[in-house]
Amino acid sequence: MATSRSVVVAMDANAAADADQARLQQLGYRQELKRGLSLVSNFAFSFSIISVLTGVTTTYGTGLRYGGPVSITMGWLVVSSFNLCVALSMAEICSAYPTSGGLYYWSAKLAGKEWAPLASWVTGWFNIVGQVIILLATGGANGGGYLASKYVVLAIYSGILILHGLINSLPIQWLSWFGHLGAFWNVAGVFALTILIPAVAKERASPEFMFTHFNTENGMGIHQKAYILAVGLLMSQYSVIGYDTSAHMIEETKNADWNGPMGIITSVALSTMFGWIYLVALSSIVTDIPYLLSSDNDAGGYGIAQALYTSFHRRYGTGVGALACLGVIAVAVFLCGSACITSNSRMGYAFSRDGAMPLSRVWYRVNRHEVPLNVVWLSVAVAFVMALTSLGSQVAFQAMVSIATLGLYIAYALPVFFRVTTARKSFVPGPFHLGKYGVLVGWVGVVWVGTVTVLFSLPVAYPVANKETFNYTPVAVGGVLLLSLAAWVLHARFWFEGPVTNVDM
């Protein structure tokens, strides 16, 4: 009886694998990557990249400065509702086109035959540039602490990148373990810190303060409340990004046209829930906003690090516990970085498969373990080169980060825009679809990304008198757009035709 049941299960698994392979061939590609990821594994990669421990902790100071607790706790819920619309629309398209190319492939299929190559080209370059997200952080030097130089930070970052490259050189069975670890670490870390932080603090903020207090003293020359709140919402938007990873891992995922979309939706939904719980816990120890943001404190103005240090020092007379909390967050940052390389390498593999990258034949190769090894190390190298900008100019480095952040949102919105316009009547949904609400949800997502694009481009300090107060986001993102269009007009339009099939149709 047990034997016959095992045979049935094996037959079902083979049938699912054959269906995935057949669907991929219908879309024009051979099965070249090893398909060994489950729904949980696919979800884990996106959840690890979103990493609420990473995103919330590193950007909390932005929300604290612009609006304070109300823009953090309540703003998170507002932003999350719109982000979920973007995720739902992406999931619907992912179900219809389950390929690793993801966003740029979707744009090609949805923009219409005449515009497909250009739409695919621009979307692809925004996506691949946006995926190079850099997180560099260091501590303060008050009270005998150590402040690392930018060269030491770069050396540490280089070592971490090499570890990321080695991890991503592993076969998918081993690599998926790191995805699972990242997901587990974020969930366990949020639960542990949510319980520990309020319990340790001797002085805690009241619920009224956490959910209604509006901080207008930002020290940046901005006084209009609506403007302050708009800029403060960017903290929440920064924190939930990278869920396109589920699409880029889809050619390695079983039952792809269902598990891929579910990976997108569940990663965003659970990140929203855990992120809000974590934000409330952090906000409970915020009682003196000006001091937390002051560059003269022990953390050099890094609000959360200072709040943790103050809480543990008041309770135990030492800040060691705060360092332990930051250590938990640092592990989440490391695992997030590893997942970023995973996603970037799969996107690079798919983009080079269609001939859109320089030296595509070099990057479009898999080793005997069916891992795109060359493009893994290309991703590592590009991340290092972009980090070099921090040596010459912090302004240039911030411009790079702006490209990475806003570039991804633009890449998310483009295929959704084509789905609700040019492909509104011709779109053929997959197993997961939104039915009659698909167009409405899509438009909400597109309008939200348009709104966010404007918000990211607003000055964050007044007067805008020098390079330190100028917001380079529109310049940086506009530069990517102009460069991609220039490359198209001068060169790519003569040979790039969008996704290229590598099977006999």
Side-chain angles (χ1 to χ4, degrees), residues 36-59 83 87 100 102 130-137 157 159-194 238-250 252-254 259-260 262-279 324-347 371 376 379-380 383 404 408:
L37 300 180
S38 64
L39 167 58
V40 173
S41 299
N42 182 283
F43 150 80
F45 279 111
S46 281
F47 192 70
S48 297
I49 284 188
I50 295 173
S51 182
V52 291
L53 283 177
T54 299
V56 168
T57 307
T58 56
T59 61
N83 277 339
S100 292
Q131 284 187 346
V132 185
I133 299 174
I134 304 169
L135 285 171
L136 291 174
Y157 179 69
I160 291 172
L161 277 177
I162 291 172
L163 289 177
H164 287 162
L166 292 173
I167 290 171
N168 279 277
S169 299
L170 296 171
I172 191 63
Q173 302 97 306
W174 291 97
L175 183 59
S176 66
W177 184 86
F178 283 93
H180 288 174
L181 177 62
F184 168 79
W185 193 269
N186 274 276
V187 172
V190 166
F191 272 117
L193 295 179
T194 297
Y238 270 119
S239 300
V240 181
I241 192 170
Y243 44 90
D244 58 311
T245 300
S246 288
H248 298 308
M249 302 301 294
I250 206 163
E252 296 163 90
T253 301
K254 302 170 185 176
N259 288 344
M262 289 300 103
I264 293 174
I265 295 169
T266 54
S267 63
V268 173
L270 291 180
S271 294
T272 295
M273 180 179 70
F274 286 112
W276 193 75
I277 293 171
Y278 181 48
L279 279 172
C325 291
L326 293 175
V328 171
I329 296 163
V331 173
V333 173
F334 177 85
L335 294 170
C336 171
S338 178
C340 284
I341 294 295
T342 305
S343 179
N344 196 231
S345 63
R346 270 49 179 189
M347 170 61 194
V371 175
V376 164
S379 301
V380 170
L408 271 181

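Worth saying up front: this structure is predicted, and the values here are computed from it rather than measured.
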*Would you give the length of the straight line joining atom OG of Ser343 to atom CG of Leu408, rounded to the nearest 0.5 angstrom?*
8.0 Å
*Less than 6.0 Å separating the ring centroids of Phe45 and His248?*
no
*Below 6.0 angstrom between ring centroids: does that apply to Phe274 and Phe191?*
yes
*Just wondering, do Ile265 and Phe43 contact through their side chains at under 4.5 Å, heavy atoms?*
no
*Are any side-chain N or O atoms of Ser48 and backbone N or O atoms of Leu335, one a donor and one an acceptor, separated by less than 3.5 Å?*
no
*asked:* Within the 3.5 Å criterion, strictly below it, is a donor on Ser176 or Ser41 matched to an acceptor on the partner's side chain?
replied: no
*Using only heavy-atom distances, determine whether the side chains of Tyr238 and Thr58 contain a donor-acceptor pair under 3.5 Å.*
no
*For the pair Asn344 (side chain) and Cys340 (backbone), establish whether a donor and an acceptor sit closer than 3.5 Å, ignoring hydrogens and angles.*
no
_Looking at every non-hydrogen atom in both residues, tell me the closest pair between Cys336 and Ile49 and how far apart they are._
SG-O, 3.3 Å
_Any Val376 side-chain heavy atom under 4.5 Å of His164 side chain_ = no
*Checking side chain to side chain contact (heavy atoms under 4.5 Å, CB included) for the pair Ile241/Ile50: CA distance, chi angles, key distance, verdict?*
CA-CA 5 Å; Ile241 192 170; Ile50 295 173; over 6 Å; no
*Is the side chain of Thr342 donor-acceptor paired with the backbone N or O of Ser338 at a distance under 3.5 Å, no angle test?*
yes
*Looking at Leu175 and Ile167, what are the two nearest heavy atoms and their distance?*
CD1-O, 3.7 Å
_Thr272 side, atom OG1; Asn83 side, atom CG - distance, nearest 0.5 Å_ = 7.0 Å
*Is any side-chain heavy atom of Leu37 closer than 4.5 Å to a side-chain heavy atom of Lys254?*
no
*Give the minimum heavy-atom separation between Asn186 and Ala332, together with the two atoms involved.*
OD1-CB, 4.2 Å
*Between Thr253 and Ser38, which heavy-atom pair has the shortest distance, and what is it?*
CG2-O, 4.3 Å
*Min side-chain heavy-atom separation Phe47-Val187 under 4.5 Å*: yes
*asked:* Using side chain to side chain contact (heavy atoms under 4.5 Å, CB included), reason through Val380 and Ile341 one step at a time and then give a plain yes or no.
replied: CA-CA 7 Å; Val380 170; Ile341 294 295; 4.2 Å; yes
*Quick one: do the Ser345 and Ser379 side chains pair a donor with an acceptor below 3.5 Å?*
no
_Closest approach of Gly263 to Thr266 (non-hydrogen atoms, all atoms of both residues)_ = O-OG1, 3.5 Å
*asked:* With a 3.5 Å distance limit and no angle check, can you tell me whether Trp185 reaches the backbone of His180 through a side-chain donor-acceptor pair?
replied: no
*Starting at CD of Gln173, measure out to CD of Glu252 and round the result to the nearest 0.5 Å.*
10.0 Å
*asked:* Testing the basics here: between Ile264 and Ser267, what is the closest heavy-atom pair and its distance to 0.1 Å?
replied: O-OG, 2.9 Å
*Before giving the answer on side chain to side chain contact (heavy atoms under 4.5 Å, CB included), spell out for Leu53 and Leu193 the whole-Å C-alpha distance, their side-chain angles and the decisive distance to 0.1 Å.*
CA-CA 10 Å; Leu53 283 177; Leu193 295 179; 3.9 Å; yes
*Please assess Leu170 against Trp177 for the test side chain to side chain contact (heavy atoms under 4.5 Å, CB included), listing each intermediate value before the final yes or no.*
CA-CA 10 Å; Leu170 296 171; Trp177 184 86; over 6 Å; no
*Under the 3.5 angstrom rule, does the side chain of Thr245 hit a backbone N or O of Gly242 as a donor-acceptor pair?*
yes
_Nearest 0.5 angstrom please: Ser271 OG to Tyr278 OH, how far?_
13.5 Å
_Modelled atom types, side-chain donor and acceptor of Asn42 and Ser246, under 3.5 Å_ = yes
